[in-house]
Amino acid sequence: MSTAAVKVHWLNQSRAFRVLWLLDHLKLQYEIIPYKRNEEFRAPDELKKVHPLGRAPILEIDYKDTDQKDILAESGYIFQYVLENFDKNGLLNNPDRQKAEKIKYYLHYAEGSLQPPLFIEFLLATAKKAPVPFPISYVTKKFADKISEKYSQGELKNQLQFLEGEIKQNSGYLVGGRFSAADIILSFPLEMAFERKFAQPEQYPAITKWLKTIQSEESYLVSKRKAKDNGADF
């Protein structure tokens, strides 16, 4: 890592915290380039100068001994890249091939399976709180409730029950009974599920205990301080 300069293009109120946590747990040196959301809660246009999609997090790696510079977007891909290139001792990976593959699976599962129903529940909850007059507000609420009932609520429950069972079977973690990159990447959506009241702690005691356990990691506290210094609101 000494031959590479690493920059995290950081957006406040985003999922970028997980990348800080990943890097800090591996004790990698990096620089944070902070950005703030605009009045429409969108990422600023400056991010598009780094990556055309203009979304965060973005990891920029400049290899000092070559002309290579990698610009990485998408959290799952960033995690996989860092594990493959900078976690040589398997601190957040696993020496067992099958367990390593399970970790890789969770890197894609977080956004591909868990995040969609969680995000739909968030949108529906926002729609129900929208300042619209009656009777439009009544129709909006009924419509949102139907979508939640028919799809996202049940699908989110299915995902949470799956993860509850996985944690129970793996001695309090997601893979192999030890802290890994899988725990870090799934921390955000599961924390949001409880904070937004889409799930209750008593329904998922294993997930609740797991969250407390992983958030006691020293690297979590280090990353949290950095995030707050750069505009995060915990």
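The figures here come from the full heavy-atom set of this structure, side chains too, leaving out hydrogens, waters and symmetry mates.
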Handout entry: Side-chain donor/acceptor of Glu166 to backbone N/O of Leu174, under 3.5 Å
Key = no
Nearest heavy-atom contact between Pro44 and Lys36 is CD-O, 3.2 Å
Problem - Hydrophobic cluster identity match, Ile184 and Tyr81, side-chain contacts under 4.5 Å - result: yes
Residues Lys197 and Gln200: closest non-hydrogen pair is O-NE2, 3.9 Å
Next on the checklist: When you compare the side chain of Val8 with that of Leu59, does any pair of heavy atoms fall below 4.5 Å?
Outcome noted: yes
Under 4.0 Å between a side-chain nitrogen and a carboxylate oxygen: does that hold for Lys49 and Glu46? no
For Leu190 and Tyr204: C-alpha separation, side-chain torsions, deciding distance, then whether side-chain contact (heavy atoms from CB on, under 4.5 Å) applies. CA-CA 11 Å; Leu190 290 175; Tyr204 306 102; over 6 Å; no
Please check if the side chain of Trp10 supplies one atom and the backbone of Asn230 the other of a donor-acceptor pair under 3.5 Å. yes
Handout entry: Side chains of His9 and His51 in contact at under 4.5 Å (non-hydrogen atoms)
Key = no
Exercise. Decide if atom OH of Tyr173 counts as having more than 12 heavy atoms of other residues, nucleotides or ligands within a radius under 6.0 Å.
Key: yes
Item to complete: Flag the pair Phe198 / Met192 as yes when at least one side-chain heavy-atom distance between them is below 4.5 Å, and no otherwise.
Response: no
Practice item. Check whether Leu221 and Leu20 end up in the same hydrophobic cluster, where Ile, Leu, Val, Met, Phe, Trp and Tyr are linked by side-chain heavy atoms less than 4.5 Å apart. Key: yes
Tightest non-hydrogen contact, residues Leu160 and Ala199, listed as CD1-CB, 3.6 Å
Measure from the side-chain N and O atoms of Arg18 to the backbone N and O of Leu186, and report whether any donor-acceptor pair falls under 3.5 Å. no
Open item on the list: So His108 and Gln80, do their side chains get closer than 4.5 Å, heavy atoms only?
Closed with: yes
Asn12 side-chain N/O to Arg37 backbone N/O, donor-acceptor pair under 3.5 Å: yes
Other residues, nucleotides, ligands: >12 heavy atoms within 6.0 Å of Gln68 CD: yes
Under 6.0 Å from the NZ atom of Lys157, do we count more than 12 heavy atoms belonging to anything else shown? no
Q: Answer yes or no: does atom CZ of Arg42 have more than 12 heavy-atom neighbours from other residues, nucleotides or ligands under 6.0 Å?
A: no
d(Gln169 CD, Glu164 CD) to nearest 0.5 Å is 11.0 Å
**Report entry** Whether over 12 other heavy atoms sit under 6.0 Å from Lys99 NZ
**Finding:** no
Does atom CG of Asn89 have more than 12 heavy-atom neighbours, drawn from other residues, nucleotides or ligands, at distances under 6.0 Å?
no
d(Gln115 CD, Ser75 OG) to nearest 0.5 Å is 9.5 Å
- Query: Between Tyr220 and Phe179, is the ring centre distance below 6.0 Å?
  - Reply: no
Any side-chain heavy-atom pair of Ile58 and Ile71 under 4.5 Å: yes
Original post:
Do Ser180 and Asn94 come within less than 4.5 Å of each other through their side chains, counting heavy atoms only?
Top reply: no
Can you confirm whether the side chains of Tyr106 and Asp183 place a donor and an acceptor under 3.5 Å from each other? no
Shortest non-hydrogen pair, Leu11 vs Ala43, comes out as CD2-CB, 3.8 Å
Original post:
When you measure from the side chain of Asn170 to the backbone N and O of Val175, does any donor-acceptor pair fall under 3.5 Å?
Top reply: no
Rounding to 0.5 Å, atoms CG (Asp96) and CD (Glu101) come to a distance of 10.0 Å
- Query: Parallel under 30°, tilted from 30 to 60°, perpendicular over 60°: which one fits the rings of Tyr105 and Phe162?
  - Reply: perpendicular
Any non-hydrogen side-chain atom of Ile185 less than 4.5 Å from a side-chain atom of Tyr109? no
Heavy-atom closest pair (Pro117 atom, Ser113 atom, distance to 0.1 Å) is CD-O, 3.2 Å
For Ile214 and Trp21 the tightest heavy-atom approach is O-CZ2, 3.3 Å
Which of Val19, Asp24, Ile61 passes side-chain contact (heavy atoms from CB on, under 4.5 Å) with Tyr30? It is Asp24
So OG1 of Thr208 and CD of Glu191: to nearest 0.5 Å the spacing works out to 11.5 Å
| Are Leu92 and Val222 in one and the same hydrophobic cluster, where Ile, Leu, Val, Met, Phe, Trp and Tyr link if side-chain heavy atoms are under 4.5 Å apart? | no
* To do: Spell out, yes or no, whether Leu23 and Tyr35 are grouped together once hydrophobic residues are joined by side-chain heavy atoms under 4.5 Å, including indirect joins.
  => no
The reported gap from CG in Asp70 to CD1 in Ile78 (rounded to nearest 0.5 angstrom) is 11.5 Å
Discussion item. What I'd like to find out is whether the side chain of Glu121 reaches to under 4.5 Å of the side chain of Arg196, using heavy atoms alone.
Written reply: no
Leu163/Leu114 under side-chain contact (heavy atoms from CB on, under 4.5 Å): CA gap, chis, key distance, verdict: CA-CA 10 Å; Leu163 293 171; Leu114 179 57; 3.9 Å; yes
Separation between CG (Leu107) and CG (Leu83), nearest 0.5 Å, reads 6.0 Å
Tell me, yes or no, whether the heavy-atom count around Glu74 atom CD, taken from other residues, nucleotides or ligands under 6.0 Å, exceeds 12.
no
Notebook entry, point to check: Got more than 12 heavy atoms from elsewhere within 6.0 Å of CD, Glu202?
Noted result: yes
- prompt: If Ile, Leu, Val, Met, Phe, Trp and Tyr residues are connected whenever their side-chain heavy atoms lie under 4.5 Å apart, and connections chain through other members, are Tyr77 and Val6 in the same group?
  reply: yes
